There are 2 protein chains.
Amino acid sequence: MKPCILLIEDDRDMRELVSGHLEHSGFDVQSADDGIKGQALALQYSPDLILLDLMLPKVDGLTLCQRLRRDERTAAIPILMLTALGGTKDKVSGFNSGADDYLTKPFDLEELQVRVKALLRRSERAPVGTTSNHHEILSYGPLTLVPERFEAIWFDRPVRLTHLEFELLHCLLQRHGQTVAPSLILKEVWGYEPDDDIETIRVHVRHLRTKLEPDPRKPRFIKTVYGAGYCLELPTGAQLEGLQDVLAQARQEREQKDQESRASA
Amino acid sequence: MKPCILLIEDDRDMRELVSGHLEHSGFDVQSADDGIKGQALALQYSPDLILLDLMLPKVDGLTLCQRLRRDERTAAIPILMLTALGGTKDKVSGFNSGADDYLTKPFDLEELQVRVKALLRRSERAPVGTTSNHHEILSYGPLTLVPERFEAIWFDRPVRLTHLEFELLHCLLQRHGQTVAPSLILKEVWGYEPDDDIETIRVHVRHLRTKLEPDPRKPRFIKTVYGAGYCLELPTGAQLEGLQDVLAQARQEREQKDQESRASA
DNA sequence: TTCCGTTTTTCAAGGCATTTTCAAGTGGGC
DNA sequence: GCCCACTTGAAAATGCCTTGAAAAACGGAA
């Protein structure tokens, strides 16, 4: 999971510059443009780190820093102050308000980035509970997903999946029985939502089918809902009877074919 | 108890200036004037914080920093770099070597003091002591690691390993069956987490494979998980049957090759 | 100190797995 | 029957991993 950074800064250009650069470096950045909103977002997201400008509307940075330190819910979050005030006095009062680091404008984005990393490295606190955990085992019916290895356990047999195949299956499994729209898949698996890339989804669905379906031509589990998306239908309970054999047989046939094609090659 | 600070700095005036000021502020300061002594004192005192100059005789600061980070006895100690090199590149490489803060000479003693306090403040909050003991014998399946000799017992035969090979294998063995991400390996074996050093991991994995795998071209034990990391898969119980012979044979072949190449050289 | 063998890091070239893209064919829904 | 969405097959592009070799750093001995 990307580290979450809260940027509290009133100057819009600066905000976009910094958040752009950090997002590009693999951080999840939330922004606030005044002290009040900043405090609210800090409580809402409990970010892994806070970048705090000192000259803020509503509540100034030093005050906000002290408040964050007093509230136990935010007390442990590293704070990096980011300000035009470069005097020693300013820095001293910044650190005395509870800051962990202090960077003077104008600063170098590279330096900001490494300082952010250094702070995250040291704090490294146990996650307070991000719920949608992509690293936990997810299981339903005959399907179990093991994020650790990008692997699916399918009717008691491990199936190796590629990164995207795994994410796609994960996305469908979380909504098994529901039809999942392409746009939603794109947002969740690929991280963006354009209009045209539905093409790639199709290809990956096909890959999944060849790996999981007994007969990829006639999908039993990963179904197409015409004009709407794809839907994962997994059998449970009594429906599972007999399927095991069908699967085993199909697997055998496929392995035979594989061997044949290898032999001819 | 006064917090103990280790100052590693070759310039005598600077040393006395800094240590005088810090002692006056209530710290217990130990000094070293080159990298070797610095490392020795770090182990001897295990200080609460290290002030590290970069331009040092014997061992330069960056190297020393990396060493301190990968020795578990000093890995958790906050390091503040103190140097005349103020370029962004220098700072980036400083932080990438594992520094927690970076101050450019000439600096203000007040600022140094508050930064020191900020680091101590944070490291107190941080959880102390991951108990994973690198000095105990660790064993699973056909593999046993003997830390005191940097040696692996692999199917009843000792295999000499270098320091890093040992640490790497140790890291994987502790998580056998799981895929270990490069970033985690870097953090655990090297002590820092830059972006690009994945290269060296690969080379060391290769070294391990040539020492352990029957056929390094087709890894049976140290597997790569494309785009995710490496995974140590060790056989147990019944799977061990027959493997012994395969290994022995492979070993013989390799020894033959070695002899041949020596003979030709 | 200087030299030499070992360990570790770096570099460039090549290979392979994955992912994307393209074009032609199939089949459902109106 | 027609259109459009979906499927199929295969090729192109991308990115990760391996290989081989050389440079750099390290540690110990002369």
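We name chains A, B, ... by the order of the sequence lines, and we start the count at 1 in each one. Just so it is clear, the model here is predicted, and its values are computed rather than measured.
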Over how many whole Å does the gap from B:Leu56 atom CG to D:dA25 atom P extend?
16 Å

Is the A:His24-A:His21 ring centre distance short of 6.0 angstrom?
no

CG of A:Leu169 versus P of C:dT18: gap in Å, rounded?
15 Å

A:Arg217 side-chain N/O to D:dT8 phosphate OP1/OP2 under 4.0 Å:
yes

Report yes if a side-chain nitrogen or oxygen of B:Trp190 is closer than 4.0 Å to either non-bridging phosphate oxygen (OP1 or OP2) of C:dT8; otherwise report no.
no

Check this for me: does any side-chain nitrogen of one of A:Glu213 and A:Lys223 sit under 4.0 Å from a carboxylate oxygen of the other?
no

Between A:His204 and C:dT20, does any side-chain N or O lie under 4.0 Å from OP1 or OP2?
yes

Sugar-phosphate, base or nothing in reach of B:Arg67, heavy atoms under 4.0 Å
sugar-phosphate

Walking DNA chain C from its 5' end, the first of B:Tyr226 and A:Val203 to be reached, judged by nearest nucleotide, is B:Tyr226

Quick one: A:Leu164 CG to C:dT20 P, roughly how many Å, whole number?
5 Å

For D:dC16, does either OP1 or OP2 sit under 4.0 Å from a side-chain N or O belonging to A:His163?
no

Atom pair distance, as rounded to whole Å: CD1 in B:Ile198 and P in C:dT9
14 Å

Whole angstrom value for the distance that separates C1' of C:dT8 from CD1 of B:Ile201:
13 Å

Nucleotide D:dT19, atom C1' - distance to CG of B:Leu208 in whole Å
16 Å

B:Arg202 has an atom CZ; how far is it from atom C1' of C:dA13, in whole Å?
14 Å

To the nearest angstrom, how far is B:Glu199 atom CD from D:dA24 atom C1'?
15 Å

The answer to which of B:Thr63 and B:Val205 contacts DNA chain D further toward the 5' end, by nearest nucleotide, is B:Val205

Does B:Arg15 come within less than 4.0 Å of B:Asp53, counting only side-chain N to carboxylate O?
no

Is the phosphate of D:dA5 approached by A:Tyr230 (side-chain N or O, under 4.0 Å from OP1 or OP2)?
no

Looking at B:Lys37 and B:Asp33, does any basic side-chain N land under 4.0 Å from a carboxylate oxygen?
yes

Does a side-chain N or O from A:Arg209 land closer than 4.0 Å to OP1 or OP2 of D:dT7, or not?
yes

Whether B:Arg206 contacts C:dT9 is assessed here as follows: a side-chain N or O lying under 4.0 Å from the phosphate OP1 or OP2. Is that the case?
no

Are B:Thr224 and D:dC16 close enough that a side-chain N or O sits under 4.0 Å from OP1 or OP2?
no

Which is more 5' along DNA chain C, the nucleotide nearest B:Leu161 or the one nearest A:His207? Just name the residue.
B:Leu161

Thinking salt bridges, do A:Arg217 and A:Asp215 make one under a 4.0 Å N-O criterion?
no

